[in-house]
Amino acid sequence: MASQQFCTFSVDQLFFGVKVLQVQEVIRLQTMTVVPQASSMVRGLINLRGQIVTAIDLRRRLHLPDRENWEPMNVVIQTDEGAVSLLVDEIGDVLEVSDDVLESPPTTLKGKVKEVITGVYKLEGRLLLVLDTAKAISVGESTSKNKEEAAA
Amino acid sequence: MGEMDAAIQEFLVESDENLSQVERDLVDFEGHPQQQETLASIFRAIHTIKGTCSFLGYSKLESLAHTGETLLSLVRDGEFPLSADITSALLHMVDAVRKMLAAIEQTGMDGTEEYQDLKHVLIALQKGEVPTIPTESSEASASFPEVSVAAASEPESSSVQPKAELSATDMDGMDAAIQEFLVESDENLSAVERDLVHVEGHPEQQTTLASIFRAVHTIKGTCSFLGYSKLESLAHTGETLLSLVRDGDLALTKDIASALLTMVDAVRQMLAAIEQTGHDGTEEYQDLKNVLVALQKGKATSGASEVSWPSVRSSVSFNIQEAPEVSIQNLHQPVNAEISAPEIKMEPVSQPTPSMKKNQAEPSAADVKGLSAADSSIRVDVGLLDKLMNMVGELVLTRNQIGQGLSKLEDPSLLHASQRLSLITTELQEGIMKTRMQQIGTIWSKYPRVVRDLAPTLGKEIRLEMEGKETELDKTLIEAIKDPLTHLVRNSVDHGIEIPSVREERGKPREGRLLLRAYHEGGQVNIEITDDGGGINVERVVEIAVKKGVVTVEQAAKMPERELLGLIFQPGFSTAEKVTNVSGRGVGMDVVKTNIEKIGGTIDIFSEPGQGSTFKLKVPLTLAIIPALIVTSAGERFAIPQVSLLELVRVDGENGAQNIECIQGAPVYRSRGQLLPLVYLNKVLGLGLQPNLSGLDGADTAASNIVVLQAESRRFGLVVDEVNDTEEIVVKPLGKQLKGIPIYAGATIMGDGKVALILDVPGFAEIANLRDREKDQVETEEQARSLSSGQPLQPLLLVKVGHQGRVAIPVSHIARLEEMPDSIKETAGGQEVVQYRGTILPVLRLSTLLATCGYAAAEPTGHFQMVVVRERGRQVGIIVDRIMDILDVRLGPLTRSELSGILGSAIVQDRVTDLLDIHMVWQHIPLNEAEVDSAERVGV
């Protein structure tokens with residue numbers, strides 16, 4: 001049976017996974033430079049050993065409310081255009097999951113979440129949501145647009 | 001047997017080298033027939049081959065080599081000169097020998113082919129007979145199973161098969177050879193193209209012809225080796241034609257040139273096919289070959305350049321012999337691949353070297369123009385240069401960090417080392433940037449052909465001139481402007497320059513002139529494309545813009561001409577009546593502008609109706625590392641590229657703040673008579689302390705820092721909290737998520753490791769632009785107002801008279817301001833005068849002049865200040881109590897005065913000021929007629 005290894009993390013009660021090979025590194029919260037006038041999902045820019053990496057707030061991306069005293073972790077992902085970091089609540093273990101429990105996303109999932117996942121692994125007691133990194137890092141352009149979306 | 005094998009191996013390797021040398025030398029010798037050593041060397045090489053293969057028992061090879069050697073000895077001894085026929089025959093012999101070597105490698109025997117026809121040709125030449133050319137070429141090509149011909153019937157299998165036989169490692173070697181061949185052939189083709197166009201205009205230049213021949217020959221040779229039969233066949237036909245022209249048997253007519261250029265295109269197509277599929281396609285180009293052959297025979301052909309590609313007839317017309325039993329083609333490929341990897345690499349080296357441009361007397365176009373400078377150049381992969389650039393960028397960043405950290409320590413030796421590091425890094429950076437610099441000529445070299453091909457199809461005659469093709473640009477920038485420039489050139493040809501009849505009507509020469517100019521200026525590269533065509537019809541532009549909804553009629557009415565012309569760059573805009581294949585699809589110009597702006601450049605249009613148009617492009621020299629001004633606003637640091645920086649203005653205190661005004665709700669700064677629109681960085685970012693705009697007039701005395709910037713020709717001021725220092729920063733692009741934000745151009749890492757955003761000056765200029773329009777409006781209104789009220793807008797000199805009196809004197813009348821001791825005052829004819837610059841200058845006291853106005857004289861101080869006013873024929877010094885300031889003043893309403901000497905009173909700087917009536921002053925001074933005359937003559 002084929003299996004995959006996933007790097008897992010969570011946002012609220014949602015448990016996500018990204019293929020291990022896509023993850024460059026996981027680091028704690030770094031000093032970020034704010035980018036005014038950018039989408040609110042973009043929390044800022046971080047200096048990763050000389051590389052400038054955009055940090056995207058996964059909570060905001062999923063339209064979840066901000067947490068107080070939030071101390072997120074950075075999950076740095078490799079994409080076509082370089083590294084992008086996702087800010088998440090907590091980091092989980094690296095899990096090896098077998099393909100025979102892979103299913104397509106259930107319809108019960110909220111729209112915003114469903115948009116960013118490609119599939120679901122049915123594990124014991126919980127679902128591992130496979131994150132579509134391309135969708136996850138694509139954010140709207142202007143602040144005003146996001147305000148509209150948030151209001152909707 | 002083992003020893004024999006070793007000997008054979010050695011023989012093969014050595015012979016291959018010798019053959020390549022012979023080939024090179026033959027072609028070289030053709031161009032320099034006086035070089036006896038070359039000829040001797042050729043002879044020796046062939047002799048060696050003959051000797052060794054005799055020893056090893058390869059009789060057929062020996063026989064062929066012997067025939068060639070005999071012919072060569074005759075030439076060497078001066079019996080007859082080395083003609084093109086002889087050279088060709090010898091080169092064919094070289095090819096044949098190669099094939100036999102391949103056979104030896106494969107089978108241990110030198111094949112079954114006797115090459116009888118070739119030998120006959122060689123013998124005929126020995127006897128001094130000149131075999132008829134067309135026969136020679138077709139026979140020669142037929143007489144040995146020229147790979148092209150034999151394989152023609154089975155194009156697919158022959159080229160696919162060998163590859164299948166190659167092992168993995170062999171494939172790598174082969175791939176490398178093919179890669180090099182592609183790169184090199186591309187260069188050769190470009191050279192051929194250039195040269196063909198050039199030689200058309202200068203048909204007497206033999207060296208150019210020779211170089212074209214060599215280049216085609218090289219291509220033919222290499223593709224023969226690599227087994228690209230169709231390509232070789234086509235190249236061969238072209239080469240034959242070229243040799244005729246070169247030898248003077250045929251004149252280079254337009255048809256021939258066009259046919260050859262068409263051949264170049266066909267070769268390119270095949271090269272592309274090779275790149276994609278690994279073999280040279282299925283196209284035989286029979287029509288083209290027929291044309292070339294016909295031209296060889298001296299027949300003019302019509303439509304040479306309109307040869308259509310798809311003609312998949314077999315090459316039966318080549319009068320081929322039967323294909324030999326052993327398919328040489330099959331032997332060809334794997335054999336050479338098996339001549340181990342080093343061999344493959346040697347081939348490229350000894351053949352026209354793809355990877356090393358070292359001058360090894362290669363027959364490629366590279367060495368033609370006596371480029372011994374080419375000896376010291378080396379070709380490097382662009383990806384490697386990119387990597388080096390990145391690393392240097394990182395180095396600069398790290399150096400900045402170290403520098404910052406070290407400056408806090410006191411250790412002198414560390415500081416010293418740090419300085420040294422800094423110096424070295426800067427030099428390294430400059431050096432690396434230079435490696436990526438290419439001359440713009442590399443793009444321009446294509447244009448003569450573009451123009452040459454395009455102009456006739458449009459019925460136009462156009463001359464292309466290029467200035468400044470040595471101007472260097474970073475390679476990535478060159479790539480980026482390639483397409484826009486091409487489009488602009490085609491556009492000028494298509495739309496700019498008129499057809500000859502129209503030009504004659506307009507009194508212009510029939511031939512239109514298209515000028516390309518490039519030069520460095522102010523940290524940027526300027527590229528101008530000028531044509532002497534009909535210019536751009538502004539009204540038509542507006543008409544179409546309005547029709548397409550790009551602007552409204554009202555908006556257009558307010559725009560200056562430059563902007564109206566700029567409408568051409570709007571998407572969807574095109575004034576072409578019909579969309580041609582060339583241009584006019586309406587997608588060209590806006591893409592041009594976008595591409596130019598993407599790399600940080602600008603484009604402007606200048607046009608004179610009936611005279612012509614100029615497109616002016618400005619492109620930054622390099623992208624990655626730039627000097628920038630660091631500013632702080634709202635607690636965050638930002639970088640502003642220094643290239644856009646004009647000046648820094650610190651506005652504080654009462655006076656300064658008064659220069660910031662609010663016009664129609666938009667803040668502007670008045671400087672030197674002009675209004676500068678202001679943009680508040682905090683406001684744009686939505687952060688930090690916001691400016692109190694409403695209270696600006698006079699009340700706000702907080703200090704402001706204004707960074708005066710310029711984008712294209714728009715000037716504006718950016719108000720920031722603090723100005724820090726200038727630094728060299730490495731520009732790093734922003735991610736997709738942030739790219740679209742107009743106010744940022746990138747990001748950088750500061751010395752302390754934090755990220756700072758780089759501001760996009762044109763983006764801010766856009767924001768200021770809206771204010772710009774209003775500002776222009778306001779200025780126009782002001783002028784209108786002041787004109788209608790009869791008061792010109794003018795600079796005024798403010799002087800103090802008495803204790804409190806303030807008088808303003810129009811600066812336009814003033815010649816000089818002086819301060820002098822009382823003692824020099826003298827009297828002449830009842831008038832106070834001073835000796836001034838060799839003349840006698842009458843002086844008047846302002847307080848006395850205006851005594852009737854109630855001005856009391858101030859106490860004397862031993863010195864006096866004087867305003868020297870001058871007009872034609874006379875001058876006078878007006879003594880004032882204190883010279884205060886010069887201001888640009890828009891005079892508000894003037895309260896007219898009955899008193900003599902005063903034009904009126906106005907409020908200047910919040911104080912009541914009297915405006916001096918100059919004419920009254922002159923009344924006191926007699927006009928010196930003589931001075932008037934001389935002044936008139938001088939033109940004062």
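In what follows, chains carry the letters A, B, and so on, assigned in the order in which the sequence lines appear, proteins first and then strands, with residues in each chain numbered from 1.
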Between [X] and [Y], is there a donor-acceptor pair closer than 3.5 Å when you use the side chain of the first and the backbone of the second?
X: B:Glu636; Y: A:Thr33; result: no
X: A:Asn47; Y: B:Gly753; result: yes
X: B:Tyr744; Y: A:Pro36; result: yes

So does A:Glu96 have more than 12 non-hydrogen atoms from other groups sitting under 6.0 Å from CD?
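Yes - once you tally the heavy atoms of other residues, nucleotides and ligands closer than 6.0 Å, there are more than 12.
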Would B:Val755 and A:Ile46 count as a side-chain contact (heavy atoms from CB on, under 4.5 Å) if you check the C-alpha gap in whole Å, the side-chain angles of each, and the deciding distance to 0.1 Å?
CA-CA 7 Å; B:Val755 175; A:Ile46 58 181; 5.8 Å; no
Considering only heavy atoms, which portion of B:Leu685 lies under 4.5 Å from any heavy atom of chain A: side chain, backbone, both, or neither?
both
Is it the side chain or the backbone of B:Thr398 that comes within 4.5 Å of chain A heavy atoms, both, or neither?
neither
Please walk me through it: do B:Leu687 and A:Val34 pass side-chain contact (heavy atoms from CB on, under 4.5 Å)?
CA-CA 11 Å; B:Leu687 302 173; A:Val34 173; 5.7 Å; no
State the CG-OG1 distance between A:Leu45 and B:Thr748, to the nearest 0.5 angstrom.
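One gets 11.5 Å once the value is rounded to the nearest 0.5 Å.
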Atom pairs and distances, side-chain donor-acceptor, residues 48-58 of chain A, under 3.5 Å, sequence neighbours left out:
{"from": "A:Arg49", "atom 1": "NH1", "to": "A:Glu25", "atom 2": "OE1", "distance (Å)": "3.2"}
{"from": "A:Arg49", "atom 1": "NH1", "to": "A:Glu25", "atom 2": "OE2", "distance (Å)": "3.4"}
{"from": "A:Arg49", "atom 1": "NH2", "to": "A:Glu25", "atom 2": "OE2", "distance (Å)": "2.8"}
{"from": "A:Asp57", "atom 1": "OD1", "to": "A:Arg59", "atom 2": "N", "distance (Å)": "2.9"}
{"from": "A:Asp57", "atom 1": "OD1", "to": "A:Arg60", "atom 2": "N", "distance (Å)": "3.1"}
{"from": "A:Asp57", "atom 1": "OD2", "to": "A:Arg43", "atom 2": "NE", "distance (Å)": "2.9"}
{"from": "A:Asp57", "atom 1": "OD2", "to": "A:Arg43", "atom 2": "NH2", "distance (Å)": "3.3"}

Shortest non-hydrogen contact from B:Ile743 to A:Gln37?
CD1-CG, 3.9 Å
Leading residue by heavy atom contact count with chain B [cutoff under 4.5 Å; candidates A:Val84, A:Val42, A:Thr31]:
A:Val42
